[in-house]
Amino acid sequence: MRISVDPAACDGFGYCAELVPELMALDEWGFPVVSQHEVPGELLDAARQAARACPRRALLLAGPVQEELKAR
Amino acid sequence: MNTALTTRRASRLIAPDALHGPPTLEAHLRRYGPLSLGGGPGAQGRDRLLAEIERSGLTGRGGAGFPTARKLASARAADRPALIVNAMEGEPASAKDRLLVGTTPHLVLDGADVVATVLGAQRTVLCVADSAPEMARSLVRAQQERTGRGRAGDAEVRTLSGRYVAGEESALASAVAGGPGVPRFRPDKSVALSVGRHAAVVHNAETLAHVALIARYGADWFREVGAAEAPGTCLVTISGGVECPGVVEVATGAPVSEIIGLARLSSPPQAVLVGGYGGTWLAGEDLGVPFAPGELSRLGASMGAGVLVVLPGGTCGIQETALVARFMAGQSAGQCGPCLFGLPAIADDLAAIADGTAAPEVLDRLLVRCGAVAGRGACRHPDGVVRLVRSALEVFSADVASHVHGYPCRGRAAPSGLMAQSGLMGSFRDGWGR
């Protein structure tokens, strides 16, 4: 599964960087930078939680989720 | 590449006598001959037309340089897509769309007819900027002569807000659909644009004018001039330190030094900004490079919208770039944080360096900020600014060093605002109103 940010939707609330600091950092203006696009299995739940927590629905998760869940 | 032809002006799109009379349909047909939507009727005819465009090697003239036939082939898979003709001229240093639509509107409409036929388009929308109302008038006048002939005669002419990013294709599709006309985040660029329930495809006005000629004279004729990788002719807008700024038509692959020579240089050029305001500076010693995608890319540049801005000796490239960066920062649609906040920060750093007020660490911070902004917008606007600034720091590295260490700027004595001559100041007034 891949994680990305819709920059047009993002308003820089920054919750994502709090919830998955392994994958996201904030730039000097407080907007998230994806440091690692591929989400490793052990971070899938945290990534999903971060996507749900985003007030702007700007954190996007895409990819073969089911397969990765089975492989866990 | 046929170098013998590259040193001359070409006149496929721009007639030598274009300004001597109104571009009537009669005069147009006398010059170019009738447009046959070749290939014959039905789906087979459309296939043959598309095959001819593919064989011509025509690439988009709007900036991205994507192969036209490939764009058409993928749009064709959609059910009756909308054809959007981009004559917005969003690039401040470009004047080619205005010249083309003003002097040869029927060629653009012919091309729109051909492409609409190939696509089985449901509608055709011709988009011009509100800052150039004469372009809308020229298109409507031309359409009135074509009533009952082809689809372009019935196409809608839309006058849209002419901001810098308004001509970006997803922004244009949004505006045509009645939306806000700002770029949309598209992680997968191969996913088709849409207008309402229909897929949409955007082609630049110049690209369509070339299609009109390919439909008439064929791919072999089209390829007779120009670089093999991007054949044909192209319109180039030359401005800055030249005596005769304006639009010329040349074969692709002509050396940049010879193209700018057509506008008569007032002094040996120090550097040339290639592609557009989001383009790349080329140093004076690199100007022998052919104006063609492959050769330019080796220098980090691209043909872009066919823009060449000449920086004469005695001016300061950093000062001029700081002006452009400031303008571009103001042109952000304001949707994406890295663009909205990052571009003004980059412009500030560059202005501080240009003014000689920057501490040495500002240069390091500027480079970090360039890296932080690149690739982080919904559209490529921030990437263009980063490309411009990085190339300026490279090409004018000696000036940067002088400025940072407090030496007098060699541009101080020269009149600043060279960029103003290339249309920048006028565009300031048409900005986002912020």
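Note that this is a predicted model, so its numbers are computed, not measured. Sequence lines set the chain letters: A, B, ... in the order given, protein chains first and strands last, and positions in each chain run from 1.
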Enquirer: Sort B:Val373 into side chain, backbone, both or neither according to what part of it lies under 4.5 angstrom from a heavy atom of chain A.
Expert: side chain
Enquirer: Of all of B:Cys379, B:Ala378, B:Gly342, which one pairs up most often with chain A through heavy atoms under 4.5 Å apart?
Expert: B:Gly342
Enquirer: Would you mind checking which part of A:Val5 comes under 4.5 Å of any heavy atom in chain B, side chain (CB onward), backbone (N, CA, C, O), both or neither?
Expert: backbone
Enquirer: Are side-chain N/O atoms of B:Ser170 and B:Glu168 paired as donor and acceptor at under 3.5 Å?
Expert: yes
Enquirer: Heavy-atom cut-off 4.5 Å, strictly under: side chain, backbone, both or neither for A:Asp6 against chain B?
Expert: both
Enquirer: How about B:Val182 and B:Val165: do any of their side-chain heavy atoms sit closer than 4.5 Å?
Expert: no
Enquirer: Does A:Leu61 reach the side chain of A:Arg2, with side-chain heavy atoms less than 4.5 Å apart?
Expert: no
Enquirer: Check the side chains of B:Tyr277 and B:Gln331 for a donor-acceptor pair under 3.5 angstrom, ignoring hydrogens and angles.
Expert: no
